[in-house]
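Source: prediction; values computed, not measured. Just so it is clear: chains get the letters A, B, ... in the order the sequence lines come, proteins before strands, and each one is counted from 1. Heavy atoms only: backbone and side chains are in, while hydrogens, waters and symmetry mates are out.
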2 protein chains.
Amino acid sequence: MSTPAPGLREQRKARTRKAIQEHALRLFLADGYDATTVERIASAAGVSHMTFFRYFPSKEAVVENDEYDPLLIEFIRTQPAELGPLTALRNAVVLGMREVYDTDKDALLARTRLILTTPALRGRQWRNGDSTQRLFAEALATRTGGDITFELRVLAAAVLGALSTALTAWVEGDGAEDLPSLMERGFDVLGHLDS
Amino acid sequence: MSTPAPGLREQRKARTRKAIQEHALRLFLADGYDATTVERIASAAGVSHMTFFRYFPSKEAVVENDEYDPLLIEFIRTQPAELGPLTALRNAVVLGMREVYDTDKDALLARTRLILTTPALRGRQWRNGDSTQRLFAEALATRTGGDITFELRVLAAAVLGALSTALTAWVEGDGAEDLPSLMERGFDVLGHLDS
DNA sequence: CTGAAATTGTTATTGACTACCAACTGGTAT
DNA sequence: ATACCAGTTGGTAGTCAATAACAATTTCAG
């Protein structure tokens, strides 16, 4: 179902999609986000601007990466039920991030820097954070068979705040520090917010 | 300096600015954000669309409200130094919010609902949250004469997450619950994130 | 091989936003 | 009062993101 028979059609579509995304990233990093027009990206990828918008709903969307969320959700669900929600979330995040980080570090740094330094993309990212918060709260709730409570939503939002702070600090330090460690530090802070 | 001699010119400018903002809000609430063009707002306010952009950098910006931040910063700074940062922030936020809430509740609800239900505005709001986080961290740091640390930044981000969750829940309940109380509940959750 | 469906390109349109220039208005010096 | 100057405004034209309509092309199924 996730792979609906890889006919010639699907292969071409996948190739086109990847081409658009790669050329877009390359041009954004080279010339800047605002200075790169959709028309330019499309022609670099060998398609028309109409086709661009058939593959991505907006210019901003081409930078997004939805791969992480499903992986994280799975990690959250499989955490032992006796763990508290913060610990479960911490384990899942560190687990997932370590994997991405070790294989994709440079690309992740470039992409994150691009997002954080481009106002339009920063807004978009946070807008996604909103749905990520919902996903986190939901995963935490189903893990213990409970409902999504106000408390879980606040926890998910706080964790996202900590994670985005870690990402920001990581980029500010030009990727010199270990990102998963920064995130663990963020979780540590959340665990001692009693003063 | 904040009032550069109220000559006729300044008065006119202030009046024009307010007229644009009020007509914009009215039209947004009546017809929806996307269905309202800048041209329409401008003509309703009796100016050209060029003048609109001379007063506001974008269509989104006309919905913003920068009044709260300086007030909050002041409240944070004047909290007793012996309080922990979370408590200081809590007191300041509840103090400031109570004041706004008791005088502007209906307008606040309408405006917040508009922002939360309009994707473009939601993104914008979070983009501001980024600078608000910096302001919070800075205010907390100067309060005790210290530097802006990673810990303070995480704390500020977590608080903003809790506050936005409270706002969201408040709008979801159509303003039936007491917003400051919801925010206090959010702070309570943050104070017990040890599990 | 032929027809149905999906994919794409061309063209045109809307709307946010900017640049440029000409007209006007409030404040100021004479 | 007059004339001058700076700040404010509007009109026009332009760019760019995003959408719609239609025609041409290509893939797949029978």
Check your understanding: Taking the side chain of A:Tyr55 as heavy atoms from C-beta outward, which of D:dG10, C:dC17, C:dT7 is closest to it?
Key -> C:dT7

Exercise for review: Can you tell me the distance, in whole Å, between the CD atom of A:Glu39 and the C1' atom of D:dA17?
Suggested key: 11 Å

Study note, to complete from the structure: Against the side chain of B:Val47, the closest entry in D:dA18, D:dG10, C:dT10 is D:dG10

Practice item. Consider the side chain of A:Arg54, meaning its heavy atoms from C-beta on, and name the nucleotide among D:dT12, D:dT8, D:dA21 that approaches it most closely. Key: D:dA21

Exercise for review: Keeping the roles fixed (side chain from A:Asp104, backbone from A:Ala107), state whether a donor-acceptor pair exists under 3.5 Å.
Suggested key: no

Check your understanding: Going by atom types alone, do B:Gln133 and A:Ser164 pair a side-chain donor with an acceptor below 3.5 Å?
Key -> no

Practice item. Output the single nucleotide from D:dA13, D:dT19, C:dT7 whose closest atom is nearest the side chain of A:Phe53. Key: D:dT19

Point to revise | Whole angstrom value for the distance that separates C1' of D:dA18 from CZ of A:Arg124 | key: 13 Å

**Study point:** Nucleotide D:dA6, atom P - distance to CD of B:Glu10 in whole Å
**Key:** 17 Å

Check your understanding: Any ion pair linking B:Asp31 and B:Arg26 (charged N to carboxylate O, less than 4.0 Å)?
Key -> no

Exercise for review: Figure out the CZ/C1' separation between B:Phe52 and D:dG11, and round it to whole Å.
Suggested key: 18 Å

Exercise for review: Output the single nucleotide from C:dT8, D:dA18, C:dT10 whose closest atom is nearest the side chain of A:Met50.
Suggested key: C:dT10

Exercise for review: Find the distance B:Asp34:CG to D:dT19:C1' and express it as a whole number of Å.
Suggested key: 13 Å

Review point. Taking only N and O in the side chain of A:Thr37, is any of them less than 4.0 Å away from OP1 or OP2 of D:dT15?
Key: no

Revision key, fill the gap. When rounded to whole Å, the CZ to P distance for the pair A:Arg12 and C:dT8 reads 7 Å

Exercise for review: Find the distance A:Gln11:CD to D:dT27:C1' and express it as a whole number of Å.
Suggested key: 13 Å

Point to revise | Nucleotide nearest B:His49 when distance is taken to its side chain, options C:dT8, C:dA16, D:dT12 | key: D:dT12

Exercise for review: Please check the phosphate of C:dT7 (OP1 and OP2 only) for any side-chain N or O of A:Lys13 closer than 4.0 Å.
Suggested key: yes

Point to revise | A:Thr36 backbone acceptor or donor facing A:Lys59 side chain under 3.5 Å | key: yes

Practice item. Determine whether more than 12 heavy atoms belonging to other residues, nucleotides or ligands lie under 6.0 Å from atom CZ of B:Arg40. Key: no

Check your understanding: To the nearest angstrom, how far is B:Glu60 atom CD from C:dG15 atom C1'?
Key -> 13 Å

